[in-house]
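A short write-up of the structure that comes next.
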Amino acid sequence: MDPLVDPQPTDNSTPAESTDPPPRMTRRQILTLISIASVNFSSMICYSILGPFFPNEAVKKGASQTVIGLIFGCYAVCNLIGSLILGKYIVQIGAKFMLVMGLFVSSGCTITFGLLNRVPAGSTFITLCFVVRSIDAVGFAAAMTSSFAMTAKIFPNNVATVLGSLEIFTGLGLILGPPVGGWFYQSFGYEVPFMLLGCFLLIMVPFNIYVLPSIEADPSKDSFFRLLTKVKIVLTCYVIFTLSAGLGFLDATLSLYAMETFGISTGQVGLIMLGLSLPYCLASPLIGYFTDKYPATRSRFMVIGGATTAAGFCLLGPVPFLHIPSQLWLLILMLGVIGLSLGMTAIPTFPEIITCAYEQGYEEGLSTLGMVSGLFGAFWSMGMFYGPVVGGVLTQHLNFKWAAMIQGCLAFLGAILLALCYLCERPQAQR
């Protein structure tokens, strides 16, 4: 038995509902938290590092803008498929093994991607980009699916609090990826950023083998399809989709709009994006703690957060029929509002789906948590594909202001449908 961890958890234990103050974290929980935080940070920084320089390198190798978009898009598609399959079979594979192998695969793909500048230009380069990026997406799906499931298993009474705290490291990875990647690229060339991050991921493999506990569990006969027969779960998944679609939309369109409208540089755009990331990172732990302490508030947070996100997107341009002139301060302010509202909406979704699954008769164990984690990852990936692709098309054929309003309408629709769902459920609960 690993000397650093407590006795192995099994699926026979049921988390107890208690109003007593939460006990201090065990050594196993602290080490697990450090491990998963490092996974979130490293995975996100590897995901976001491509933005500043890869498109330019790909153009030199003969890739068109459409092909570059597909290279980015294939990551989301493979992540979606991987999340569903790996979430279903997490017990058979083993959560710890899945996370460690996901890191190992991602590290190898990251290093390999850094060597693609040495292959011949044209179809060879493009094909290898698709292959390596797709395999990397499956590795990323394995690591994130297992990390979500293990977090929910090891912290059963504080899921939102822990996930909210871990989102700090997710946000840091997304914030630091573009500037760090851009700086290393300018200073040392194309290969160095990928080599450094790939080696960092490789170092994380033995660390996680030693630190993470093994979780014994029995496979469940339940399926994703029964999860999606509950209206509240379907609506919550739609909310998850709108969240990632909104982020993907901003990634693809905001920088060009800001530079053309306000005449700012690429570096200044990066600073503007902090207005989105920082409020999300800072608010997520507080929202997670509050929704864990008062679970009944999850629905209100998601509804209010969705409506606020819609307002933020409508005022981002702002939408033309409001006749409000475009102002840089208003853009930054609305990015902050969107970042805060995304935290309000995103953090309660995962524990809410878990609660709905248990209400539907699913067993309280790793198998159910794996399916919920896979479902979350799948809809998040779906939004990350939809946001840049459809958002880019709408921006090209309309303009950024109208496209942002349409994105806001998707979030508002989710808020309205969730509100109606909870209002319909309340009379049934009172009977």
Side-chain angles (χ1 to χ4, degrees), residues 34-63 67-68 70-76 78-79 82 98-144 147 169-212 251 266-267 270 273 384:
I34 294 171
S35 171
I36 295 177
S38 66
V39 170
N40 284 15
F41 175 76
S42 56
S43 298
M44 286 297 107
I45 200 170
C46 286
Y47 170 78
S48 62
I49 195 176
L50 295 179
F53 61 88
F54 175 74
N56 185 49
E57 288 289 328
V59 168
K60 294 178 184 177
K61 289 286 188 176
V67 170
I68 294 171
L70 290 174
I71 291 172
F72 279 89
C74 78
Y75 188 94
C78 293
N79 195 289
M98 183 185 292
L99 190 147
V100 170
M101 285 305 299
L103 285 177
F104 181 76
V105 170
S106 290
S107 67
C109 289
T110 302
I111 293 171
T112 305
F113 208 85
L115 299 174
L116 292 184
N117 65 324
R118 302 188 181 190
V119 304
S123 58
T124 304
F125 172 81
I126 293 170
T127 301
L128 287 175
C129 282
F130 276 110
V131 171
V132 175
R133 194 74 172 148
S134 299
I135 297 173
D136 190 19
V138 176
F140 177 84
M144 296 306 293
S147 70
F169 298 93
T170 301
L172 283 175
L174 290 172
I175 291 170
L176 294 177
V180 169
W183 184 81
F184 276 114
Y185 172 74
Q186 289 181 349
S187 303
F188 304 104
Y190 176 84
E191 296 180 3
V192 172
F194 296 103
M195 295 297 170
L196 288 176
L197 286 176
C199 290
F200 176 72
L201 283 173
L202 199 58
I203 293 171
M204 295 303 303
V205 171
F207 173 75
N208 282 281
I209 291 174
Y210 184 65
V211 166
L212 284 176
D251 283 342
T266 306
M273 291 300 289
M384 289 304 291

Residues 107-116, side-chain donor-acceptor partners within the protein, below 3.5 Å, at least two apart:
{"from": "Ser107", "atom 1": "OG", "to": "Leu103", "atom 2": "O", "distance (Å)": "3.4"}
{"from": "Ser107", "atom 1": "OG", "to": "Phe104", "atom 2": "O", "distance (Å)": "2.6"}
{"from": "Thr110", "atom 1": "OG1", "to": "Ser106", "atom 2": "O", "distance (Å)": "2.7"}
{"from": "Thr112", "atom 1": "OG1", "to": "Gly108", "atom 2": "O", "distance (Å)": "2.7"}

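- Contacts of Asn79 classified as side-chain hydrogen bond (donor to acceptor under 3.5 Å, both in side chains), with partners at least two apart in sequence or in another chain: Ser83, Ser381.
- Legend: salt bridge (charged side-chain N to carboxylate O under 4.0 Å, His left out) pairs involving residues 175-198, not counting sequence neighbours, sorted by first then second residue: Arg118-Glu191.
- Atoms NZ and CD1, from Lys61 and Ile126 in turn, are 11.0 Å apart once rounded to the nearest 0.5 Å.
- Listed by first and then second residue, the salt bridge (charged side-chain N to carboxylate O under 4.0 Å, His left out) pairs involving residues 120-130 amount to none (not counting sequence neighbours).
- Pairs of residues two or more places apart, or lying in two chains, that qualify as ring pair (Phe, Tyr, Trp, His ring centres under 6.0 Å) and include a residue from residues 122-141 are Tyr75-Phe140.
- Closest approach of Ala142 to Gly102, counting heavy atoms only: CB-CA, 4.0 Å.
- Pairs of residues two or more places apart, or lying in two chains, never qualify as salt bridge (charged side-chain N to carboxylate O under 4.0 Å, His left out) while including a residue from residues 126-141.
- Applying the side-chain hydrogen bond (donor to acceptor under 3.5 Å, both in side chains) test to pairs two or more places apart or on separate chains, none has a residue in residues 119-129.
- A heavy-atom distance below 4.5 Å is found between the side chains of Asn40 and Met144.
- Two residues are said to be in side-chain contact when any heavy atoms from C-beta on lie closer than 4.5 Å; Ile135 and Val105 meet this criterion.
- Take Ile34 and apply the side-chain contact (heavy atoms from CB on, under 4.5 Å) test, not counting sequence neighbours, and it matches Ile30, Phe207.
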